[in-house]
Amino acid sequence: METLMLLTYAALCWIVFKVFRIPVNKWSLTTAILGGIVMIGTILAGMAYFHPGSQSARIYYVTTQIVPNVRGKVIEVDAKPNVPVKKGEILLKLDPTPYQAVVDDLKAQLAFAEQRLKDTKQLAETAGGSKFDVYKWEKEVASLKAKLVKAQFDLDSCVVRAPSNGYVTHVRVRPGQMAVPIPALPVMTFVNSDSATLIAGFGQEPAKNIKKGDPAEAIFVSTPGRTFQGKVKEVIPALAEGELSVNRNMASLGQQLPIGQIPVIIQLDKNISQLGLPLGVDSTVAVYGAQKGFWSHVAIIRQMLLRMLAWSYFLRFH
């Protein structure tokens with residue numbers, strides 16, 4: 001952006017010298033150069049503090065590692081790589097034979113236990129049967145019902161469904177392979193398209209001038225010439241550089257501490273999923289913090305520079 005401002009100022013100086021026919025000498029050139037340094041330096045300092053920009057923005061997204069709840073042989077893979085699916089659609093199927101057998105067996109046991117409970121109650125009411133037998137079969141019926149719920153859950157888990165709207169990438173399984181319920185061995189990687197979030201990293205200097213609700217704009221290299229409006233959704237209050245995880249080592253500040261950027265979530269007016277952008281692409285973001293006072297008028301310069309940068313993305317020679 002600094003280069004764009006210098007080129008713009010140089011073009012304005014050339015126009016002024018030509019239109020007003022100002023003689024080119026050491027005094028006029030010195031005045032133009034010093035004036036440009038002071039003016040551009042002041043504008044850049046004010047913009048960086050009150051209307052900060054970030055070139056380290058990116059669309060982040062959440063992936064879900066698809067791990068079946070039960071162990072079984074894969075008999076069908078319905079998911080196609082990178083094809084959008086809706087929540088609840090079938091991704092793959094496991095052989096349900098052993099789990100169906102368990103369900104059928106428990107249903108038979110439950111039917112027998114319920115009949116014995118019924119007979120025992122009648123016997124206790126009419127012929128002085130033991131109440132202990134009634135309690136025994138009531139316990140048996142309740143236990144079998146609980147086991148049947150677990151067995152039915154295992155049977156239903158033989159059909160693995162999409163956890164949300166998105167698509168599958170990295171399909172690692174084929175029919176005939178064994179799928180196991182181990183988190184370290186997922187069979188697919190599911191991309192949650194509804195989780196796409198634009199996060200920009202800003203320096204710590206303008207931190208107090210970035211607030212929730214401030215207007216913001218973003219441009220993407222993959223969409224040259226277009227500017228997308230939005231606002232600051234949230235300023236994440238914690239930096240990864242300051243995290244202390246639970247381990248046996250004591251916290252040490254002997255190493256040089258890196259300067260972390262403040263992560264800011266930007267909510268665009270248009271849904272990110274509707275932009276047709278690959279998830280993970282880079283972005284340049286500007287936040288317009290000053291809404292009143294002198295520096296609020298400088299926001300138009302940041303807007304102009306951002307649009308000039310967006311148009312410069314058309315210049316690709318490879």
To check you understand the geometry: which heavy-atom pair defines the closest contact between Q261 and S56, and what is its length?
OE1-OG, 2.9 Å
Answer yes or no: is there a donor N or O on one side and an acceptor on the other, between the side chain of S312 and the main chain of L309, under 3.5 Å?
yes
Determine whether more than 12 heavy atoms belonging to other residues, nucleotides or ligands lie under 6.0 Å from atom OH of Y135.
no
Can you find a pair of side-chain heavy atoms, one from V77 and one from P175, that are under 4.5 Å apart?
yes
For the student: nearest non-hydrogen atoms of K121 and V134, plus distance:
CG-CG1, 4.0 Å
Assess whether side chain to side chain contact (heavy atoms under 4.5 Å, CB included) is satisfied between Q229 and T227, documenting all intermediate values.
CA-CA 7 Å; Q229 283 70 40; T227 305; 3.9 Å; yes
Are V19 and I22 linked, directly or through intermediate hydrophobic residues, by side-chain heavy-atom contacts shorter than 4.5 Å (ILVMFWY only)?
yes
Please examine the side chains of K136 and T120, heavy atoms only from C-beta on, and report whether any two atoms are closer than 4.5 Å.
no
Under a 4.5 Å cut-off applied to non-hydrogen side-chain atoms, are V141 and L110 in contact?
yes
Got more than 12 heavy atoms from elsewhere within 6.0 Å of NZ, K211?
yes
M39 reachable from L305 in the ILVMFWY side-chain graph, under 4.5 Å edges:
yes
Are E217 and R307 close enough for a salt bridge, meaning some N to O gap below 4.0 Å?
yes
Residues S157, D154; criterion side-chain hydrogen bond (donor to acceptor under 3.5 Å, both in side chains); working and verdict:
CA-CA 5 Å; S157 296; D154 291 342; 5.1 Å; no
Rounded distance [0.5 Å steps], NZ in K93 versus CD in E76:
4.5 Å
Same apolar cluster: Y61 and F220, side chain cutoff 4.5 Å
yes
Test ring-ring contact (aromatic ring centres under 6.0 Å, His included) applied to F50 - qualifying residues, sequence neighbours left out:
W295
Between CH2 on residue W311 and CG on residue L306, distance to nearest 0.5 Å:
13.5 Å
In one Ile/Leu/Val/Met/Phe/Trp/Tyr side-chain cluster, 4.5 Å: L117, L123:
no
For atom CZ of R71, decide whether the heavy atoms of other residues, nucleotides or ligands shown that lie under 6.0 angstrom number more than 12.
no
Using 0.5 Å steps for rounding, measure from the CG atom of D78 to the CG atom of L92.
7.5 Å
Nearest 0.5 Å please: distance from the CD1 atom of I265 over to the OH atom of Y60.
11.5 Å
Is it true that V16 and W14 fall in one hydrophobic cluster, defined by side-chain heavy atoms closer than 4.5 Å?
yes
Determine yes or no for a side-chain-to-main-chain donor-acceptor pair under 3.5 angstrom, with T169 supplying the side chain and T189 the backbone.
no
T30 side-chain N/O to W27 backbone N/O, donor-acceptor pair under 3.5 Å:
no
Do the side chains of L198 and F228 get nearer than 4.5 Å, heavy atoms only?
no
Are the side chains of V235 and F202 in touch, meaning some heavy atoms are under 4.5 Å apart?
no
Rounded to the nearest 0.5 Å, how far apart are CG of D133 and CD of E140?
12.5 Å
Please collect all salt bridge (Lys or Arg N to Asp or Glu O under 4.0 Å) contacts where either partner lies in residues 270-286, sequence neighbours excluded, each pair once.
R58-D282
Ignoring hydrogens and geometry, is there a side-chain-to-backbone donor-acceptor pair from D214 to V232 under 3.5 Å?
no
Partners meeting side-chain contact (heavy atoms from CB on, under 4.5 Å) with L185 (sequence neighbours left out)
V180, I182
Side chain to side chain contact (heavy atoms under 4.5 Å, CB included) assessment of I90 paired with R161
CA-CA 4 Å; I90 298 176; R161 302 180 181 274; 3.4 Å; yes
Can you tell me how far CG of L144 sits from NZ of K139, rounded to the nearest 0.5 angstrom?
9.0 Å
When every non-hydrogen atom of D95 is compared with those of C158, the smallest separation belongs to O-SG, 4.0 Å
Report yes if the side chains of V74 and L94 come closer than 4.5 Å at any heavy-atom pair, otherwise no.
yes
Give me the atom names and distance for the closest heavy-atom approach of L148 to K107.
CD1-CG, 3.9 Å
Are N82 and Y167 close enough that some pair of their side-chain heavy atoms sits under 4.5 Å apart?
yes
Less than 4.5 Å apart, side chain to side chain, heavy atoms only: is that true for D119 and W137?
no
I262 and I210: side chain to side chain contact (heavy atoms under 4.5 Å, CB included), yes or no, with the steps?
CA-CA 10 Å; I262 299 175; I210 303 177; over 6 Å; no
What is the minimum heavy-atom distance between P186 and Q65, and which atoms define it?
CG-OE1, 3.5 Å
Sidechain-backbone polar pair: S193 side chain, V191 backbone, donor-acceptor under 3.5 Å
no
Please check this pair: side chain of S54 against backbone of G201, looking for a donor-acceptor N/O pair closer than 3.5 Å.
yes
Please indicate whether M178 has more than 12 foreign heavy atoms, meaning atoms of other residues, nucleotides or ligands, lying under 6.0 Å from its CE.
yes
Shortest non-hydrogen contact between A79 and M188, atoms and distance
CB-CE, 3.9 Å
